[in-house]
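This report refers to the structure that appears directly beneath it.
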Amino acid sequence: MKDIPLSLVLERLQRVREHYGDGVSVQITGGDPTLRKRTELVAIVREAARLGLEPSLMTNGIKLTRDLAVELKEAGLT
């Protein structure tokens, strides 16, 4: 199954923000979000944080490396 387009994910984050407000925790999940393109995963986390949401990641870590974890943390992962 293909990932949903990045634009749709970002649109959904905006709707979550509009509906629930600041500080809402959002889990980025799926089959395994680390299988998505790295740039897209980082962009999702960054946008969630920019919107005032608290992004977390549900993963079994298939492609999670220390380097990626640091980049996600710097992008706003909680």
Side-chain angles (χ1 to χ4, degrees):
M1 178 181 272
K2 291 184 178 184
D3 289 328
I4 63 173
L6 178 60
S7 60
L8 184 55
V9 174
L10 300 180
E11 179 183 312
R12 289 180 180 180
L13 287 172
Q14 180 63 39
R15 282 192 272 156
V16 167
R17 170 62 174 82
E18 289 169 0
H19 189 74
Y20 296 104
D22 279 337
V24 171
S25 184
V26 291
Q27 289 188 358
I28 300 162
T29 188
D32 186 338
T34 64
L35 294 176
R36 183 180 272 276
K37 290 180 186 176
R38 181 181 182 134
T39 55
E40 290 187 2
L41 179 56
V42 172
I44 291 166
V45 170
R46 184 171 287 120
E47 180 64 5
R50 186 191 73 76
L51 290 170
L53 304 172
E54 293 187 21
S56 61
L57 193 68
M58 288 290 275
T59 179
N60 60 18
I62 291 174
K63 291 179 69 177
L64 185 64
T65 61
R66 182 175 302 277
D67 184 53
L68 176 56
V70 168
E71 187 174 2
L72 291 169
K73 175 68 175 166
E74 289 171 352
L77 190 70
T78 57

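We use all heavy atoms of the structure for the numbers below, so side chains are in, but hydrogens, waters and symmetry mates are not. Position 1 is the first residue of the sequence, and the numbers go up from there.
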Hits for side chain to side chain donor-acceptor pair (under 3.5 Å) against R36, two or more places apart or cross-chain, chain-then-number order -> E40

Just jot down the salt bridge (charged side-chain N to carboxylate O under 4.0 Å, His left out) partners of R17, sequence neighbours excluded, or say none. D22

Between L57 and P33 the two heavy atoms that sit nearest each other are CD1-CG, 3.4 Å

Residue pairs fulfilling side-chain hydrogen bond (donor to acceptor under 3.5 Å, both in side chains) with at least one residue in residues 53-66, sequence neighbours excluded: D32-T59

Anything under 3.5 Å between a donor and an acceptor, one on a side chain of residues 71-78, the other on a protein residue two or more places apart or in another chain? List them.
residue : atom : partner : partner atom : Å
E71     : OE1  : R38     : NE           : 2.7
E71     : OE1  : R38     : NH2          : 2.8
T78     : OG1  : P55     : O            : 2.8

Name the one of I62, D3, L41 that satisfies side chain to side chain contact (heavy atoms under 4.5 Å, CB included) with L35? I62

Can you give me every donor-acceptor pair (side chain of residues 7-16, partner residue at least two apart or in another chain, under 3.5 Å) with its distance?
residue : atom : partner : partner atom : Å
E11     : OE2  : R15     : NH2          : 3.4
Q14     : NE2  : E18     : OE2          : 3.0

Joining Ile, Leu, Val, Met, Phe, Trp and Tyr whenever any side-chain heavy atoms lie under 4.5 Å apart, the cluster holding M58 also takes in none

Are I44 and V70 connected, step by step, through hydrophobic side chains (Ile, Leu, Val, Met, Phe, Trp, Tyr) whose heavy atoms are closer than 4.5 Å? no

